[in-house]
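These notes concern the structure reproduced below.
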Amino acid sequence: MKNKLQVLFVAIILLVTIDAQANDRINSSFNLNNPDVRKCLIESTQSEGWKMAALYYDENKKLVMIFEKGEDSKTYVSK
């Protein structure tokens, strides 16, 4: 019984840690140069309460979109 509780505790800690790191991750699997992809991304993030904080081209001429929700942020970079 004690081993099961320890495993459960470790699993919960890992889930909390993974969730906290996911918000800072840069998502680069989207083709943000496609207007339909941008539209879907904006609509889906807005429906979840995220607001677009920035939209710009970086030094590599890749489109970058940053969304914020409270103190969390998500960054998307085009392919």
Side-chain angles (χ1 to χ4, degrees):
M1 181 71 169
K2 187 175 179 181
N3 287 340
K4 290 181 181 179
L5 288 175
Q6 288 176 337
V7 170
L8 180 63
F9 179 73
V10 169
I12 290 172
I13 295 297
L14 287 174
L15 286 175
V16 170
T17 303
I18 290 170
D19 184 46
Q21 293 174 353
N23 290 333
D24 297 328
R25 190 173 179 191
I26 295 177
N27 301 296
S28 60
S29 60
F30 296 113
N31 180 7
L32 297 178
N33 295 319
N34 182 333
D36 292 332
V37 172
R38 286 194 308 265
K39 180 181 176 188
C40 288
L41 180 61
I42 291 169
E43 289 176 354
S44 65
T45 53
Q46 284 178 347
S47 70
E48 294 177 3
W50 293 86
K51 293 184 180 180
M52 187 184 304
L55 175 66
Y56 62 92
Y57 285 97
D58 67 4
E59 63 276 357
N60 297 322
K61 298 191 180 197
K62 293 187 176 187
L63 186 62
V64 178
M65 297 175 81
I66 301 175
F67 295 91
E68 292 180 344
K69 181 178 178 182
E71 302 215 3
D72 297 329
S73 66
K74 290 184 179 182
T75 304
Y76 296 90
V77 181
S78 65
K79 292 182 180 180

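Note that these values count all heavy atoms, side chains included, but never hydrogens, waters or copies made by symmetry.
- Annotation for Glu68 and Trp50: closest pair C-CE3, 3.4 Å, computed over non-hydrogen atoms.
- Interatomic distance, Leu32 CG to Lys79 NZ, rounded to the nearest 0.5 Å: 10.0 Å.
- Residues meeting the side-chain contact (heavy atoms from CB on, under 4.5 Å) test with Leu55, sequence neighbours left out: Met52, Leu63, Met65.
- Here CG of Asp58 is found 7.5 Å from OG of Ser78. Values are rounded to the nearest 0.5 Å.
- With rounding to the nearest 0.5 Å, the separation of CG in Asn31 from CZ in Arg38 is 9.0 Å.
- Atom-to-atom distance recorded for Lys51:NZ and Lys69:NZ is 11.5 Å, nearest 0.5 angstrom.
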